[in-house]
2 protein chains.
Amino acid sequence: MNTINGGVTAPEGFFATGVACGLKKDGKKDLAIVCSEDRAAVAGVFTTNRVKGHSLQLTMEHMKSGYANAIVINSGNANACVGEQGYADALEITAITSGLLECTPQDILVGSTGVIGKRLDMDAVRPGIEALVSGMDPDGGHDAAEAIMTSDTIYKEIAIELELQDTKVVIGGMAKGSGMIHPNMATMIGVITTDANISKKLLDKALKDAVKSTFNRISVDGDTSVCDMVVIFANGMADNAGVINEGEDYELFLKGLEHVCAYLAKLIAKDGEGATKLIDVVIEGAGNPDDAYKAANAVAKSPLVKTTIFGEDANWGRIFTAVGYSGAEFDPNYTDIYIGDVLVCKGGCAVAFDEGLVGELLKKSEVRLLVRLNKGVYSDHMWTCDFSFDYVKINSSYRS
Amino acid sequence: MNTINGGVTAPEGFFATGVACGLKKDGKKDLAIVCSEDRAAVAGVFTTNRVKGHSLQLTMEHMKSGYANAIVINSGNANACVGEQGYADALEITAITSGLLECTPQDILVGSTGVIGKRLDMDAVRPGIEALVSGMDPDGGHDAAEAIMTSDTIYKEIAIELELQDTKVVIGGMAKGSGMIHPNMATMIGVITTDANISKKLLDKALKDAVKSTFNRISVDGDTSVCDMVVIFANGMADNAGVINEGEDYELFLKGLEHVCAYLAKLIAKDGEGATKLIDVVIEGAGNPDDAYKAANAVAKSPLVKTTIFGEDANWGRIFTAVGYSGAEFDPNYTDIYIGDVLVCKGGCAVAFDEGLVGELLKKSEVRLLVRLNKGVYSDHMWTCDFSFDYVKINSSYRS
C-alpha cells in the first residue's frame, strides 16, 4: 500500500470540482460534486441523531438501490429543520444534477453542512450546480475538498494505491469536520472513492467496519450532528477480477480503506475547533470491549481533561476521575495511568515522576494518554483534541 | 417558611468556624468544622464515581451508625489517590478532632476537596484542627462556608425557619462547588444542619429525595468528581414532637429541605467556573421521566449550546441537535423549542421570530431554554451555566 497524490479523483473514472455559489458570505467555495464516469456501487454510514437533515434523509433513500452516479455537497447551510421545503430543495438538487448528467435523480446523492434552521438559497445553488457539472475535472478532487469545509482550517484528502488481485487499485477520500465531531458521524462529511471492483454487499460491510475503528473513534466535544455521513463509491474501473467473498482480497481492500479513513479521522480530530493538540486516549486491560470504549470515550469527552492538556498541565487526577464516572467496571486500586510513556499513577496511587519530562511531552502537538485498568485483555482508543480559548471564541459566534 | 440570616449555625445547637491552616497557597481559609452540641442523626449522599477519595471513604463508613457529632472539611487538597496514607490521614483527622471534642472518632466525618494525587499536609492540618475546635462559634457558619471554597467566587449559605409540629424549626446549609458539577455529586460538598427532631430513617429519605430534584439537577461541565458529598445533621434541639412517619409533617420538612438544597444548587450552577449566565434547561412533554431527564441532561452538557449562550446567539439548532442525540425517544416533527418564552422552532421547523427580542432575553443573567417534545406528560429540567473564555483559563492551569 502506497500513499499517492490526490484525493477523490485519484481513482480511475472519477471527476470532481468545487465552486463558490454564494452560500458562504465570505465568497469561499461552498458547493462540490464528486461524480463517477460509470454508475458505481455505493455504501453509506449516517448520523444516529434522531433529528436528521433533509439532504441526508433524501440520500438515505437514494442509497437503497446500492448504486449512484454522483454526490453534490454544499457547505454553509445544513438544510435541516426547515420543514417540507428542505426536502423539496434536496430533491430539486438531484433533479437538476441528474438532468445535466443524463442519469436518474435517484442516482444523485446530496449532502449539506452548516447552520441549522435556515432555508437553502436555491437561487444560488441552481446556477452553482451548472457550474459544477461543466467544471468537473479528473484532477478536481482538491477543489471539492475545499468546497465542503466549514470551520475546518485545513482541507482533508488522501489517496492510496494497492495491489488487489494482481491489479493496481486506488482508494481516494476527502472529509470535512472540525467542531462537533463525535462517534457516530457528528458534523462531518466523508466521501471515499475507489476504482476497485467489489460487490455492493462487501463494500457496505467494509465501510461499516472501517468507520467503526476510525471516524467513530474521534471526539471533539461530544456533540453529534444532524446531517453528516460517510459515503463510498466503487466504480470497478480498475478491472480487478472482483471482490465477491470475504477472505484475503477483502481483507486487503479493508486495510486500504481503513488507512484512508484513519488518516482523515485523525486530521479531523487534530483540526478540532481551536485545537492546539491531538490527544490519543488509550485504554488497555479492560474486562470487555464495551468498558474499554466507555472509558476512552469519557476521558476524550471530558472538558476538564481537554483544558488540562491545553494548559500542558500533568493533572492526571482528571483522567482518573473521568474513567471513574465512565460507567466502565474496574478497580481503581489496580489502575495505572501514563502521560506519554511516563507512569504518573500506579495502582490508583500517585507516584513521583519527572515533571520536567512530562512537561516536555505535553508541549508536543500529539499527546498520548494511557490508562491500564489491569482487569482484562480488551483495549480501545479515541482521538480527541484539547479545549482552548479559541474553541469558545469560534463557537460563541458561529451563527452570526 | 421564611428565609432567615445565617447558614449552618442558624439552627439551635450548632457551632462552626473556618481557619487558614496553610493548605491553600494564597493564605485563604482552607479548613472548616461544623459541630452539633448533641450527637445528631446524620444522612449522606455520595459521589457515584468509581474512584473515591480517602476522606469520603472514611466518612461513608463512619455514617453507618446513623449518628455523628461533627464534620471537618479541608479545601485545597482532595485527599484522593495517594494510597493507604490518605486513609490514615483521614483517620488521624477524626482521632485528633474527637480527642478535642471528647467523643469517639467514629462520630467525626471528614470531607476533602481540591487537587487529586498529592498527600495532605498533615503538619498544617494538625494545628489547624486545634484552632478550629477552640474557635468554634454559634455564629461561625459563614467562616466555615468560606473555608470550603475552591474555585468558587461566592460563598454559598442559606437558612430557613418553618413551623413544624407547632414548633419553630430551622434548617441551615452551606455548599461549595463551581467547576465539575454534575448530577450525582460532582466536585461539590454540601453540609445541611437542622434542629428538627426527625427519625434517622426519614432524615435519610428526605435527603435523598431533596438531592434528586436539586443537587442532581445541576451541570457545569459533565464531569463528576471523586470526593464529594452532601451530608445532613439533625440534632433534635428544636424539641418538636418528632417526625417519625411519612405524612404531612414529613412533607413539610422535606419542602424546607428542598428549598435549602435548591437555593444552594442554583448558586453552584450560577457560579460555574467562568460562567456569566445561569441556564435553566426545561424539557416538557416527554413520553417518560427517563427521556425527559436524558434530553435535559444532553442539552445542559452540550459545549456547543453553552458557548452559544455565552455568545448570546439564538442558535437553537444546537439545542435541537443535543436533544436528538440524547437517546430520548421523540419525533422531531412534533418538537417545539423556545428561548425564554419566544417560540423559535415549531414542529421541528424554523419559525420567524423577533431576533431583537430574543437577543434581549439572551443578554440576561438567567436564560430559560424550553423544549416541548409533545409526546407525553413528563417533564424535567437542569440548571447549567454558559461556557466562557474564563472556563478555559481557570481549567487549563488549575493544578499549578
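Every chain is numbered from 1, with letters handed out A, B, ... down the list of sequences. Computed from heavy atoms alone, side chains included, the values below leave out hydrogens, waters and symmetry copies.
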- prompt: What part of B:A328 is in contact with chain A, defined as an atom under 4.5 angstrom from a non-hydrogen atom: side chain, backbone, both or neither?
  reply: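 The backbone, not the side chain.
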
task: Mind listing the closest non-hydrogen atom pair of A:W316 and B:G117 along with its distance?
output: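 Residues A:W316 and B:G117, closest heavy atoms: CZ2-CA, 3.6 Å.
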
task: Of all the heavy-atom pairs spanning B:G83 and A:C349, show the shortest one and how long it is.
output: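 Nearest pair, atom of B:G83 first, then A:C349: N-SG, 3.2 Å.
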
message: Are A:N49 and B:F320 packed together at the side-chain level, in the sense that at least one heavy-atom pair is separated by less than 4.5 angstrom?
response: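 Result no, sub-4.5 Å side-chain heavy-atom pair not found.
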
query: Counting heavy-atom pairs under 4.5 Å to chain A, which of B:Q85, B:K52, B:R119, B:E329 comes out on top?
result: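 Result: the option with the highest number of such pairs is B:E329.
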
task: Specify which of A:C81, A:P332, A:A350, A:G347 makes the most heavy-atom pairs with chain B at under 4.5 Å.
output: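 So the answer, after comparing A:C81, A:P332, A:A350, A:G347, is A:C81.
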
Heavy-atom proximity to chain B below 4.5 Å, by part of A:E84: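 No part of it gets close to chain B.
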
